[in-house]
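Since the structure comes first, as structure tokens, the remarks are kept for the end.
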Amino acid sequence: MATRYDPSVIEPKWQKIWDEVHCFEAEASHDKPKFFPLIEFPYPSGAGLHVGHPRSNTALDIIARKRRMEGYNVLYPIGYDAFGLPTENYAIKTGMHPRIVTEQNIARFRAQLKRLGFSFDWSREINTTDPSYYKWTQWIFLKLYEHGLAYKAEIPINFCTSCKVGLANEEVVDGVCERCGGEVVQKVRSQWMLKITDYAQRLIDDLDTVDFIDRVKVQQRNWIGRSEGAEVLFTVDGLDKTIKVYTTRPDTLFGATYMVISPEHTLIDELCELGKLENVDEIKAYREAAARKSDFERGELSKEKTGVMLKGIMAVNPVNGTKIPVFTSDYVLMGYGTGAIMAVPAHDTRDYDFAQAFNLPIIEVVSGGDITKEAFTDCETGKMVNSDFLNGMEVNDAKKAMIDFLEEKGIGKRKVNYKLRDWVFTRQRYWGEPIPLVHCEHCGWVPLPYEQLPLTLPEIEDYAPSDDGSSALARATEWIKTTCPKCGAPATRETDTMPNWAGSSWYYLRYIDPNNDDALADKSEMEYWLPVDWYNGGMEHTTLHLLYSRFWHKFLYDIGVVPTAEPYQKRTSHGMILGETGEKMSKSRGNVINPDEIVDEMGADAFRLYEMFMGAFDQPIPWSTQGARGCKRFLDRVWRLQEMLSDETGIRKELACAVNGTIKKVGEDYERMKFNTAIASMMSLVNDIYAKGDVTKDELTVLLTLLSPVAPHIAEEMNEILGNSEPLYKAKWPQYDESALVEDTVELAVQINGKVRARITVANGADKETIEQTALNNADVKALTDGKTVRKIIIVKNIVNIVVA
RNA sequence: GCGGGUAUGGCGGAAUUGGCAGACGCGUUAGAUUCAGGUUCUAAUAGUCGCAAGGCUGUGCAGGUUCAAGUCCUGUUACCCGCACCA
């Protein structure tokens, strides 16, 4: 009677229906409770969708579909994060306009995503490269500029010699460019910077107000890298100069036996000018050598400490007046703290190594270790020694006492430091948002008036950056020439563009009101929809993207644009899908699975089902096409349930426990993202039905409803064939009957001294006495307890443990 | 080095507060159905001893707590991810 299960027919059929009836679009009305799930919008690369995208998308599609059935107004949006290097590089190679490349890639992604049947609200699709979108990216940048959070700085940047582009620290991996693997060198360039450091403390504190999985919070905190300590002023002996250091160990100040300043430290220049240095040539040579090294190389050489003494000067330890030498060494970084340290070799491993190499004194000020062997860095067990008024104190008390002392004397103060650095916000690239500022000889940097946004990219022929490292825009002479919005004099435009992180830092806001031309989103809409209720994405974006977008959101909150302090209420992460042999999927390994091929072979439903069934959602997991076929087989089994329809109706007693138990299990497991066990329980129910031999329409409808968030097409089709009046996209999520979960009788395992020896069946709710007697009268139990003393009988759950001796 | 994670059959993985280890699926084996099978159905499938009934051993490793430990405690090993001279 029933036709064969053919996903290639029913999947396009239902996708068309869903499109036509607009059933997955968010409702304009604010009457219902809202639910706003979010997945990281894809970068539309030329390679097309990979199997990682559907993992995240399906997971939240399941939640979104379930929420709709539970009566929520759901906004599950999709868009494309389309500015950036891969597209531009492809455009340079082929001569195609990056816009065309982007359009083609988006068309491919859209088609692939639609084939998988996600319940996105396609009416709100966004694209970061659309001028009507980046108008608001530029608007936010101007607001940041207006509030002093965007500034230009001459700073050494990481420069990829291959991409010819400045990279943020986070884009340099293992000393090479994250994208192309090219060599990265230091280059000084004038860059736009965003003062994310102003928000460091709030970015830490507000993690307490959101529901992010722990490891994400930990990573955010580590990245921000807060430390508490003190700033201490050392003087240069005989000169009116000071060296400010930052230390987390002010307690060890009496143990400082030398100082080290970074090779880039300005004190070197000042001392040169004063003619105080006896070995200027040596120092300058060292400085130049350090400049040639990248941060990575400086880190690589961590074993061997190098440096040069600043001959001719001595520093003075402010707490005891001791004169100590000053060195410059590249193990002290200009970018952290003050670029200068007091060295306490007895209690810092790096200082210890350096002191050993340069034969410098090592003075113990915290007892408890053996400083002839290694630095003693433990703060918990040691006691202060050789430290005047600190002697005998615990380390942590000594820290406080020393800071109080420094503040009292005016030679230092309490200080909190962060590893987080300001965000390098410019790229010397064509395919990014133009920075809407002009440079005027008279007025300096002047922002474009808001009404002139968007500042669109000019049409040019060649998108490659120039060899000097400036963007292709630097050659768009007509576009560059403009007039100063302030004084009307001739002025030039900024030719750098924004980094890829810009558009993705606020995209969730645009989904709320994607076509608004007067604001990035309407206020009352934001009040209804914000914050994002559930954000899922990869672990690779849990530091940078998440931090950047939280920063922007907080800024927008501060200036009254958004109504919440945090953008995302809940953040989860899916594990990466690895190749069949457990290695990372990559083009070079040739182990990439193309979703299209899987859908061609077994359909979108089986593909979705497998991606959710393959293993724990948050763990990395190898792909198995064979495993996917198993999921297709399960759907075949579900399809054939149509041939087993019974004339009876309702949920029959024999299946009541299984059916209601599955409703409970599936509902709970979806919420906890335990998709694998939810699906396992549905498989079990199907096995139960097969064992029974028939199924009622009502029983099958429950199963289809539970299955529909994962495998929506087959569920809808079978629901229709069953003759149910409403399609599943209008259905209610089933409720379970608690009383049906209780069986009449229960089987108990009887243990003797903790080992299972027998099984007994008793009436559900039987009293202790009855259970004990039943157990003791069991033949197997009797045989084993005969002649022994029963010490104790413990009855817990489904276990009876008889302790005998 | 620091931070985080993981360890269970041939494989992916299950296992509320400690309570029957191996659910569910893959693979494999046997049988049935089929002209055929990359179909379907039935059965078996941790190891080991045994003809069998049944016994013993088993959750990286070594101890411990408990009537009872994959789960808790102490120590230890391996692998994965992130950060890395952050003073």
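Here the structure is a predicted model, which means the values were calculated and not measured. By convention in this document, chain letters (A, B, ...) are assigned in the order of the sequence lines, proteins followed by strands, and residues within each chain are numbered from 1.
Look at B/A36: it lacks any Watson-Crick or wobble partner with both distances under 3.5 angstrom. The partner of B/U16 cannot be assigned: no Watson-Crick or G-U wobble pair with both contacts below 3.5 Å exists in any strand. Across all strands shown, B/C56 forms a Watson-Crick or G-U wobble pair with B/G47, both key distances being under 3.5 Å. Under the Watson-Crick or G-U wobble criterion, with both distances below 3.5 Å, B/A68 has no partner in any strand shown. B/G82 and B/C2 make up a base pair, with Watson-Crick or G-U wobble contacts both under 3.5 Å. In a base pair of the Watson-Crick type (N1 to N3 plus N6-O4 or O6-N4) or a G-U wobble (N1-O2 and O6-N3), with each distance short of 3.5 Å, B/G9 is matched with no nucleotide. Using Watson-Crick or G-U wobble geometry with both donor-acceptor distances under 3.5 Å, B/C61 finds its partner in B/G75.
For the pair A/E668 and A/R672, the salt-bridge criterion is not met [side-chain N within less than 4.0 Å of a carboxylate O]. The pair A/R221-A/D208 meets the salt-bridge criterion, since a charged nitrogen lies less than 4.0 angstrom from a carboxylate oxygen. Using a cutoff of 4.0 Å between basic side-chain nitrogens and carboxylate oxygens, A/D636 and A/R640 are not scored as salt-bridged.
Judged purely by distance below 3.5 Å, without hydrogens or angles, the side chains of A/S227 and A/N417 never pair a donor atom with an acceptor atom. With 3.5 Å as the limit, one finds no donor-acceptor pair spanning the side chains of A/E611 and A/T58. Side-chain contact, A/Q626 with A/S624: no donor N or O sits under 3.5 Å from an acceptor N or O.
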Contact state string [nucleotides 18-32 of chain B, B base, S sugar-phosphate only, - no protein heavy atom under 4.0 Å]: -BB--BBSSS-----
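Remark: A/R757 is not in phosphate contact with B/G54, judged by side-chain N or O atoms under 4.0 Å from OP1 or OP2. Of the side-chain N and O atoms in A/Y246, none sit less than 4.0 angstrom from OP1 or OP2 of B/A87. Distances shorter than 4.0 Å separate some side-chain N or O of A/K755 from OP1 or OP2 on B/U57.
A tilted orientation is assigned to the rings of A/F607 and A/W623, their planes being inclined by 30° to 60°. Ring-plane geometry between A/Y331 and A/F354 is classed as tilted, the angle between the planes lying from 30 to 60 degrees on a 0 to 90 degree scale. Relative ring orientation between A/H347 and A/F376 is described as perpendicular, the plane-to-plane angle rising above 60° on a 0-90° scale split at 30° and 60°.
Of the C1' atoms belonging to B/U45 and B/G25, the separation is 14 Å, rounded to the nearest Å. Separation of the C1' atoms belonging to B/G54 and B/C61 is 32 Å when rounded to the nearest angstrom. Here the separation of B/G9 from B/G63, taken at their C1' atoms, is 26 Å to the nearest Å. B/A69 and B/G64 are spaced 11 Å apart, taking the C1' atom of each and rounding to whole Å. Nucleotides B/A68 and B/A15 have their C1' atoms positioned 16 Å apart, rounded to a whole Å. Going from the P atom of B/A53 to that of B/U65 covers 37 Å, rounded to whole Å. Separation of the P atoms belonging to B/G18 and B/U74 is 16 Å when rounded to the nearest angstrom. A gap of 32 Å separates the P atoms of B/G12 and B/A84, to the nearest Å.
Summarising the geometry, the separation between CD1 on A/I224 and C1' on B/C2 is reported as 17 Å, rounded to the nearest angstrom. The nearest whole Å value for the distance from the CE atom in A/M644 to the P atom in B/C41 is 10 Å. Separating the CG atom of A/D636 from the P atom of B/U40 is a distance of 6 Å, rounded to the nearest angstrom. For the pair A/E580 CD and B/C11 P, the computed distance is 15 Å after rounding to whole Å. In this structure, A/K584 atom NZ and B/C80 atom C1' are separated by 11 Å, rounded to whole Å. In this structure, A/R215 atom CZ and B/C83 atom P are separated by 14 Å, rounded to whole Å. When the P atom of B/G5 is taken as reference, atom CE of A/M539 falls 10 Å away, rounded to whole Å. A/Y5 has its OH atom 17 Å from the C1' atom of B/U40, to the nearest Å.
Using a 4.0 Å heavy-atom criterion, one finds that A/Q220 contacts no nucleic acid atom at all. Heavy atoms of A/A616 sit under 4.0 angstrom from primed sugar atoms or phosphate atoms, though from no base atom.
B/G9 takes the syn form, because its glycosidic angle lies no more than 90° either side of 0.
Interface remark: the A/K305 side chain does form a donor-acceptor pair with the B/C85 base, using a distance-only criterion of under 3.5 Å.
A distance-only check finds no donor-acceptor pair linking the side chain of A/K584 to the backbone of A/R589 [under 3.5 Å].
Mapping A/K419 and A/V218 onto RNA chain B by nearest heavy atom places A/V218 at the nucleotide closer to the 5' end.
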